[in-house]
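Each remark here refers to the structure printed beneath this line.
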Amino acid sequence: MPQRLITHLRHVDLAVPDLRIQQDFFTSTWGLTAEHTDSGLAFLAAEGSPEQYVVRLREAPDKRIDLISFGAASRTDVDTLAGSLARDGVQLVHEPRDLQTPGGGYGFRFFDNEGRTIEVSSDVAVRRHRPVEAGESIPVRLSHVVVNSADPEGTVAFYEKHLSFALSDTLMHPRMGNMMWFLRTNAWHHSMAIARGPHASLHHASFELRGIDEYMRGTGRLLRRGVEKIWGPGRHMAGNNTFSYFLDPHGNTVEYTTELETVDEDTWHPHLYDFSNPEVSDQWGTANAMNEFVARRSFNDPDKGLFVAPPV
Ligand SMILES: [Fe+2]
């Protein structure tokens, strides 16, 4: 396997038609902090995270994933990765350069196999963050991003081959076959996952809370406010993390999670879990049953941003 040059997930950037409503949801309800704003842009931080922001919102007529951003350790690693992608025929949006987004840094963007815009950066200034307190039900960090793919096998292969992601576990169903692949880029069980879906789109973005108590308090706050819950609360087998999935005002699925496991990468062997077994979907048995109607809610609208780089 080529050397892994991606260190971690930084942020997920979304374009939405109504920025005000989306920003209000992600700050007052979801618990992120508006760290920087610009005309038509909002950069939202998680209080416990050193990242400048974990979500960027941009107002645009087309709902889309603007980009998914990953960290690298150094400018040299950014250059090395950009060079190897270009040599392999991956289409770069721009070559490595100094970044103008909050925190600066050095990075480049490219299109993945299905046209998602991906950014890799290093040397971004660390944000002043703080420990999230006991009982404080706000996100500590961005945990993982899951995308729908009409060609999940091809997409998994792309991230393994070009970015050295490693497969942690796979979910399968006796009738539908393999349906979800969990990929890691460090010891966290997954920072990204690929779901089989009808089209490329955001499946969900997941935010880690401090612990079980804070996760349940956060789940309860959203329920009381009448935010539509799709699935949960429960505890997955793959990754051993808890889950509560909600819909944001634009129909993107967002998740509160906690206690995602870390793996020993030297000894880990991927499992193939049959999620028709209820214990696989939810070890606790507290979540509503997963069925095709629930699953369909996270197909999301077809992404309008494939092979179109966002303007910022
Ligand atoms: Fe998740």
Side-chain angles (χ1 to χ4, degrees), residues 8-12 14 26 30-32 46 49 54-55 65 68 70 116 137 139-149 152 155-156 159 165-173 178-197 200-212 214-216 218-219 222 227-248 251-263 270-271 273 275 278-284 286-290 294-300:
H8 66 292
L9 174 66
R10 283 193 188 283
H11 50 89
V12 59
L14 304 172
F26 271 105
W30 199 249
L32 300 180
S49 166
V54 295
V55 171
I65 304 175
I68 301 171
F70 296 103
R116 300 174 193 86
S137 56
V140 173
R141 66 180 195 103
L142 178 63
S143 173
H144 55 272
V145 173
V146 180
V147 294
N148 286 306
S149 170
T155 302
V156 170
Y159 281 86
F165 276 76
L167 181 69
S168 288
D169 284 318
T170 306
L171 297 184
M172 60 78 71
H173 187 279
N178 290 0
M179 294 298 283
M180 191 175 292
W181 292 254
F182 296 92
L183 301 177
R184 68 178 185 275
T185 190
N186 51 40
W188 290 109
H189 178 274
H190 55 284
S191 295
M192 188 174 196
I194 315 294
R196 186 184 302 284
S201 58
L202 179 68
H203 184 286
H204 71 268
S206 179
F207 299 79
E208 183 166 291
L209 277 84
R210 182 177 183 272
I212 297 283
E214 292 77 13
Y215 150 81
M216 285 302 290
T219 299
L222 268 82
V227 177
E228 187 179 353
K229 185 203 71 171
I230 300 181
W231 194 29
R235 183 165 208 141
H236 293 311
M237 185 85 78
N240 198 32
N241 57 313
T242 69
F243 62 92
S244 297
Y245 298 91
F246 295 91
L247 286 183
D248 80 9
N252 297 305
T253 302
V254 283
E255 176 185 26
Y256 276 162
T257 192
T258 194
E259 296 193 352
L260 178 67
E261 77 180 306
T262 55
V263 304
H271 306 87
Y273 287 122
F275 73 92
E279 293 270 316
V280 167
S281 287
D282 176 17
Q283 300 179 65
W284 287 343
T286 47
N288 48 312
M290 172 46 74
V294 174
R296 216 173 270 170
R297 306 303 299 278
S298 296
F299 285 168
N300 213 334

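Just so you know, ligand 1 is whichever comes first in the structure, and atom 1 is the first atom listed for that ligand. No hydrogens, no waters, no symmetry mates; every other heavy atom, side chains included, goes into these values. Computed from a prediction, not measured in an experiment: that's the story for all the values here.
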With sequence neighbours excluded, residues passing side-chain hydrogen bond (donor to acceptor under 3.5 Å, both in side chains) with E261: none

Aromatic ring pairing Y273/H271, orientation class (parallel under 30°, perpendicular over 60°, tilted between): parallel

Residue from V227, D248, L222 passing side-chain contact (heavy atoms from CB on, under 4.5 Å) with W30: L222

F165/F70 aromatic ring centres below 6.0 Å: yes

Within-2.8 Å protein N/O/S contacts of the Fe ion (ligand 1): H144 NE2, H204 NE2, E255 OE1

Test side-chain hydrogen bond (donor to acceptor under 3.5 Å, both in side chains) applied to T185 - qualifying residues, sequence neighbours left out: none

Residue pairs, two or more places apart or on separate chains, that pass salt bridge (Lys or Arg N to Asp or Glu O under 4.0 Å) and touch residues 229-242: R235-E259

